[in-house]
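These notes are about the structure you will find just below.
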Number of protein chains: 2
Amino acid sequence: MSQPDTKQRLLDVAERLFATGGFHATSLRAITCAAEVNLAAVNYHFGSKEALLEAVMARRLGPLNVIRQDRLEQVAQRAVAEGEKPDLRALWTAFITPTLELRRPESGAEYFLSLIGQVLADTNGVLMQVFLRQMSPLFQRLFELTCQALPGVPRQTLFWRVHFAIGSMSHLMRSNDRVPVKPEGVDTDVDIDAITEMLLDYTLAGLEAPL
Amino acid sequence: MSQPDTKQRLLDVAERLFATGGFHATSLRAITCAAEVNLAAVNYHFGSKEALLEAVMARRLGPLNVIRQDRLEQVAQRAVAEGEKPDLRALWTAFITPTLELRRPESGAEYFLSLIGQVLADTNGVLMQVFLRQMSPLFQRLFELTCQALPGVPRQTLFWRVHFAIGSMSHLMRSNDRVPVKPEGVDTDVDIDAITEMLLDYTLAGLEAPL
DNA sequence: GTCTATACGATGATAGAC
DNA sequence: GTCTATCATCGTATAGAC
């Protein structure tokens, strides 16, 4: 390998350009030019433009999902140990916190979240299928534990409420800095911890809503 | 005009193909072929592919926003007349109900919602800007009335909660039939009235969540 | 194995004849 | 208003240099 970091450079540049300019609007020529590699390098190393995006996602999603799964199981085991229902707030904290942590500039994944937000929205795309294959076990587990935590709410109802919660979260991920409407007297530039707590309060109240 | 309904046919076909196949994946050649018009007709009548989508959106969004704005003002005026705060449930019913009504096959706009969901997700796109310009007054008004209905919650907090609510709603719009994960014992094919009520319960609980 | 140069078909857009 | 012809650019594929 004369250029040992060609793949790495492609992943980094693609993540940034896809996130800032959009997947479809970003050409392979723009990526390979910015990464200072040949155009054909993408197809050689990854196979296609879609496969490149898939690799960009997998690189971050893999470790992230391990963390979320671990923290989810910790909450589940604590519930078993204490012989009680899983703690709802702990459950959703385990799911939300590691995700929003990526918004911190120090994480090195500042562009990743808005990228995921885009993919999550592309209902018809193949990318969605790829993403879901990675996420499906986590979603299933989160749903089951939420059902255990809220035995009073019908599964059917909880399914849709979890669906709504995912919607809020993905919408937040997508709105990196640009928030649709900024009314007077509102500062949209709040820190991550504050937003995380607001999302948690909102989501928990929704999940526990009276029937 | 030898073909007086060329524009109309283009709008109808484009709405259907954009919604089912995705905006980027649908070529102008596929649209003009299905509509049985010449390829250049799109650029003649609308100017560009993006402008065509904009026209498709505006055709439905205009009347819909008039309805939503009217119903919002009805709630506001009732509050003034009774000298009380606006009713929160009535407020969000006015916003959500006319929208989800479009999911009914009889509405003739069955493809529209998933199209809007796509646009709402394309954070970086020009389409988003177009959409927001149409929606911004409605969002502003909904936010202000929500603030009036919940004077105990800080504007800053309510801003984000409204943001989360919009996220749930757009996520629901996007998932026309295809829901990411279907756990056991859950029927995802519920009727619109039931889903509307579940979304309302969820959203209201979130907006009113304790601090 | 890795990179380069080059070519192919399809796309969105446009100019000009009718 | 409608059509044909043509353009630059896109994602992709491949042959050949190192």
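For clarity, every value in this text was computed on a predicted model and none was experimentally measured.
Two residues are said to be in side-chain contact when any heavy atoms from C-beta on lie closer than 4.5 Å; B:Thr146 and B:Trp92 meet this criterion. Side-chain contact between B:Leu11 and B:Leu52 is present, with at least one heavy-atom pair separated by less than 4.5 Å. Looking at B:Arg141 and B:Gln69, their side chains come closer than 4.5 Å, going by heavy atoms from C-beta outward.
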Handout entry: salt bridge (Lys or Arg N to Asp or Glu O under 4.0 Å) evaluation trace for B:Asp12 with B:Arg59
Key = CA-CA 10 Å; B:Asp12 290 336; B:Arg59 181 174 63 152; 2.9 Å; yes

Exercise for the section: Treat primed atoms plus P, OP1 and OP2 as sugar-phosphate and everything else as base, then score nucleotides 3-18 of chain D 5' to 3': B for base contact with protein heavy atoms under 4.0 Å, S for sugar-phosphate contact only, - for none. Expected result: BB-----BBBSB----

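Put simply, CZ on B:Phe46 is 14 Å from C1' on D:dG1, counting in whole angstrom units. Separating the CZ atom of A:Arg9 from the P atom of C:dT2 is a distance of 15 Å, rounded to the nearest angstrom. Per the geometry, NE2 belonging to B:His45 stands 16 Å off P belonging to C:dA13, to the nearest Å.
Counted by atom type alone, B:Ser107 and B:Arg103 present zero donor-acceptor pairs between their side chains at under 3.5 Å.
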